[in-house]
Each structure stands twice: as C-alpha cells, then as structure tokens.
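Heads up, the thing below is written out as structure tokens.
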Amino acid sequence: MSQQILSMFRYPFPTLKNPFAEALQELTENEWIDNEYRWLYQDDESTRLKYKKTKTAHIASQWFPTANYERLKPVCRLMLWTLYNDDMYEEATPEEISMVHKNTVAILKGEITAEDSGLPLGRLLSSLRAELLTLLTPESLHRFVTALSGYFTGLEQEMIYKVRKAFPSVEDCLAIRESSLCLRPFLELADIETGQPLPDEIHHHPVMQRLMSLAIRMMVCFNEVQSVAKDEATDGVYYNLVKAIQHNRNLSLEDACMENLRIHSEYLREFIYLQSFLPDFGNWQDAVVNRVHYISMTLSGWKSISFNLPRYNSTDGFPAVSALKQHKWIHQ
C-alpha cells in the first residue's frame, strides 16, 4: 500500500544528482563506517551494512547536486551523523536527549571539545565543525547550529509523547516533525551549494521562512507514509503523522495516508504559488530565486533517492532496538 501511495507524491521540480555521489559513498563506507567510526559497531557487521545500504552520500547528492567534492563532503558527514544519532537515542529518555542536545550544540559552537562532551559522536561533530568553518560565514554557521538545536528540541518533544504513549494533535505533530526530521539544518547549508549567503533580513523574511517550512512539511508527509512500518516496529507511532491522523480522526490506515497526501498537496500548491510570486528583493532577487530553486529540488531529490531504500521501505532495513540497546550510550 505505501509504495502505491508514495507514487502519488509528484513534484514539478527538476531532479539533479551530484556527480561525486559514488566517490563520496565509497568514502562514507570505507573510511567512515568501516574505519574512523567503526568502533561504534565494531563487532556488528550487520548494522554497519544497514548504514551502508542507506546510501547517505547519494541522499546528500540529490540535495546538493552542484557542490564540488570538498563542499559536498561535510554534507555527507552530517547525513551519516543524522542516522547514527537518531538510532542511538531511539530508546533514550527526554533527559538523556537534552544532555546530548546541549553537548552537540556546544561542540559545534567550539565551546567544548569532543573528548569533554562524552558523546560517542563527538569526534564526528568536531570534524564537521572544522569543515564548515572553512565554507560558511559566521552568520551561516550560526543559522545551521540553531537549526540543529531545533532538531533536538523536536526529538525531546517526541520522546515525551512516546513515554506517555499519547498522540499529539495533527497540527502539533506536524510542528514537532518539522523540527525532528532534521531537514532544516540541510536547508541552512544551502550557502555551501550557492556560495552566496543571504543577508539576515532576506533569510528571515516571512516568505523565505514559509517556503522552507512548506518544503520540510512536504517531506514530513512523504516520510511518514514511508516510515509507518519502521515506526510501528520501534514504537514510534505516537509521533508519526499518519498514525496521529489515524488516531485523531478515527480513520483506517489507508484513509489516514490519503488525508496525509491531501495535506501535502495543499502545501505543494502554496509552495508553487509563493515561488511564482516572490516579493521584490531588489538586488538580491536573482539570488533568492536561485535559493528557492534549490529548496524545491530537495523534494524531488528525496523522493528519487529514498523511494527504494530498505531503511524506509522494510522492517529490517534499520538497526534493531536490541542491537542498539547493547551499546553503552543506551541506558537500560
């Protein structure tokens, strides 16, 4: 059912892919998963293989299709971090996530070292910060860190509902997932792609912020249909939008998926309208048009690469909870 419904998500945007995708996927698998970060799952080849099959560099390559190798590399590192981090704290408490939140932001701000943070992913974050410092202005780096902090805030809110075994309202679920799906940090890295940072007054313009919000919410809608099986297997149903719709509106799962698609279609219509009738940004108009163009490609790009990924379309494409619990970063 999910594949049939996913095929109904259609975007009138181009789909491009970075030519360095395979080279950086090889780096991800051979240098990061099997070398630099091998100790995370040292004796668990099955879990390492699942991370490889997620093709994180190929996902990054759909979202950053024109970046050169060195500019795409930190995006690929961040993409791998999002999977590691999500899975590590799948069974964490809100208090534990709050601690990880605080120390992750501190590393990215250069306030503490990876060693002092106590985070298993501390060294990865430190490497990411060093790479981004060479590519982003201080203002752009600040926006990225702020967005990543928002991701953790979303995770903390998710865990509250999970612990209570309660569903949020549909609108509250959308707001939470807009943060917790960790898409905004990637949109905030668009300066890496364009090489043209937008000034604060344009970046924070209500229309620009709404366009980013709409793009993220559309990917949330797509992801929730895609992830129903995974969320049912990991008790994550309480913050899956489709399951929240099903619960709050007393619908069948199929009808909830179709309502989710209807919401997505409303967002898409608004996005296309705003893209077509942008405000006058003066000398920055061309840069804004280009930025919105790149935002739009994240939608078609995500559908293109994720449609057949086992992590999102099977019940065994992601690490089992039992495998995650045996590591020291999970409190049993």
Side-chain angles (χ1 to χ4, degrees), residues 13 16-21 24-25 27-28 32 55-86 104-105 107-110 121 124-154 178-200 202-205 208-209 211-220 284 287-302 305-306:
F13 310 123
L16 303 179
K17 189 170 183 179
N18 197 294
F20 295 108
L24 279 159
Q25 185 61 36
L27 174 73
T28 298
W32 293 344
K55 300 294 183 183
T56 48
H58 286 268
I59 299 173
S61 295
Q62 297 278 176
W63 287 356
F64 290 73
T66 64
N68 65 26
Y69 183 95
E70 289 304 319
R71 286 177 172 266
L72 185 59
K73 184 178 175 182
V75 182
C76 294
R77 195 188 297 270
L78 174 65
M79 190 70 71
L80 181 61
W81 174 86
T82 64
L83 297 193
Y84 277 152
N85 193 78
D86 270 353
T104 295
V105 170
I107 292 173
L108 292 173
K109 287 183 175 180
L121 298 177
L124 190 159
L125 290 164
S126 183
S127 296
L128 177 62
R129 170 179 161 78
E131 290 169 335
L132 293 180
L133 281 172
T134 68
L135 299 171
L136 296 176
T137 64
E139 293 77 14
S140 294
L141 182 59
H142 174 74
R143 293 172 190 165
F144 166 72
V145 175
T146 299
L148 204 66
S149 179
Y151 152 72
F152 277 105
T153 299
E178 183 178 340
S179 297
S180 66
L181 205 56
C182 203
L183 296 171
R184 189 173 291 270
F186 289 95
L187 295 183
E188 294 292 3
L189 289 182
D191 291 349
I192 286 178
E193 180 103 52
T194 66
Q196 192 171 25
L198 299 178
D200 281 347
I202 293 178
H203 176 272
H204 294 301
H205 190 283
M208 295 300 293
Q209 290 299 307
L211 282 163
M212 285 198 286
S213 178
L214 288 168
I216 295 167
R217 288 192 174 212
M218 279 187 275
M219 281 190 273
V220 166
W284 287 93
V288 169
V289 169
N290 190 48
R291 180 64 59 96
V292 176
H293 174 63
Y294 275 110
I295 292 172
S296 75
M297 287 194 294
T298 61
L299 294 159
S300 51
W302 173 245
I305 188 61
S306 71

Task: Whether Q62 side chain and L16 backbone form a donor-acceptor pair below 3.5 Å - done: yes
Task: Counterpart residues, side chain to side chain donor-acceptor pair (under 3.5 Å), relative to N68 (two or more places apart) - done: none
TODO: Check the side chains of K17 and H58 for a donor-acceptor pair under 3.5 angstrom, ignoring hydrogens and angles.
DONE: yes
Task: Side-chain touch R291/I202, heavy atoms, less than 4.5 angstrom - done: no
Open item on the list: For the CE atom of M218 and the OG1 atom of T298, what is their distance to the nearest 0.5 Å?
Closed with: 8.0 Å
TODO: Return yes if some donor-acceptor pair links the side-chain N/O of Q25 with the main-chain N/O of A57 below 3.5 Å, else return no.
DONE: yes
Open item on the list: When you compare the side chain of L189 with that of L136, does any pair of heavy atoms fall below 4.5 Å?
Closed with: yes
Open item on the list: Any heavy-atom pair between the side chains of F152 and S179 that's under 4.5 Å?
Closed with: no
Task: Residue pair P74 / I192: nearest heavy atoms and the distance that separates them - done: CG-CD1, 4.4 Å
Open item on the list: On a heavy-atom basis, which atom in S149 and which in V105 lie closest, and how many Å separate them?
Closed with: CB-CG2, 3.9 Å
Task: side-chain hydrogen bond (donor to acceptor under 3.5 Å, both in side chains) between T137 and S140, intermediate numbers included - done: CA-CA 5 Å; T137 64; S140 294; 3.1 Å; yes
Task: Atom pair CG/SG of L83 and C182 - distance to nearest 0.5 Å - done: 9.5 Å
Task: Non-hydrogen atoms of W284 and Q196 that approach each other most closely - done: CZ3-CG, 4.1 Å
Open item on the list: With rounding to the nearest 0.5 angstrom, report the CG to CD1 distance, L214 to I295.
Closed with: 10.0 Å
Open item on the list: Evaluate L108 against F144 for side chain to side chain contact (heavy atoms under 4.5 Å, CB included), listing each step before the verdict.
Closed with: CA-CA 9 Å; L108 292 173; F144 166 72; 4.2 Å; yes
TODO: Could you tell me the separation between the CG atom of L125 and the CZ atom of R77, rounded to the nearest 0.5 Å?
DONE: 10.0 Å
TODO: Determine the minimum heavy-atom distance between L72 and A67, stating which atoms define it.
DONE: N-CB, 4.1 Å
Open item on the list: Is it the case that atom NE2 in H205 sees more than 12 heavy atoms from other parts of the structure closer than 6.0 Å?
Closed with: yes
- [ ] With rounding to the nearest 0.5 Å, note down the distance linking CG in L24 to SG in C76.
- [x] 4.5 Å
- [ ] Quick one: list whatever passes side chain to side chain donor-acceptor pair (under 3.5 Å) with R184, sequence neighbours left out.
- [x] E178, Q209
Open item on the list: Give me the atom names and distance for the closest heavy-atom approach of L183 to M219.
Closed with: CD1-CB, 3.5 Å
Open item on the list: For a quick test of reading the model, state the closest non-hydrogen atom pair linking W302 to I59 and the distance between them.
Closed with: CZ3-CG2, 3.7 Å
TODO: Classify the angle between the aromatic ring planes of W63 and F186 as parallel (below 30°), tilted (30 to 60°) or perpendicular (above 60°).
DONE: perpendicular
Open item on the list: Less than 4.0 angstrom from a charged side-chain N to a carboxylate O is my criterion; do D191 and R71 meet it?
Closed with: no
TODO: Show the numbers, then the answer: is there a side-chain hydrogen bond (donor to acceptor under 3.5 Å, both in side chains) between T66 and E193?
DONE: CA-CA 6 Å; T66 64; E193 180 103 52; 2.3 Å; yes
Task: From S127 atom OG to K73 atom NZ, the distance as rounded to the nearest 0.5 Å - done: 8.5 Å
TODO: Please step through side-chain hydrogen bond (donor to acceptor under 3.5 Å, both in side chains) for the pair T82 and Y151, ending with a clear verdict.
DONE: CA-CA 10 Å; T82 64; Y151 152 72; over 6 Å; no
Task: Within-4.5 Å side-chain heavy-atom neighbours: D86 and W81 - done: no
Open item on the list: Just by distance, no angles: are the side chains of H203 and E139 close enough, under 3.5 Å, to form a donor-acceptor pair?
Closed with: no
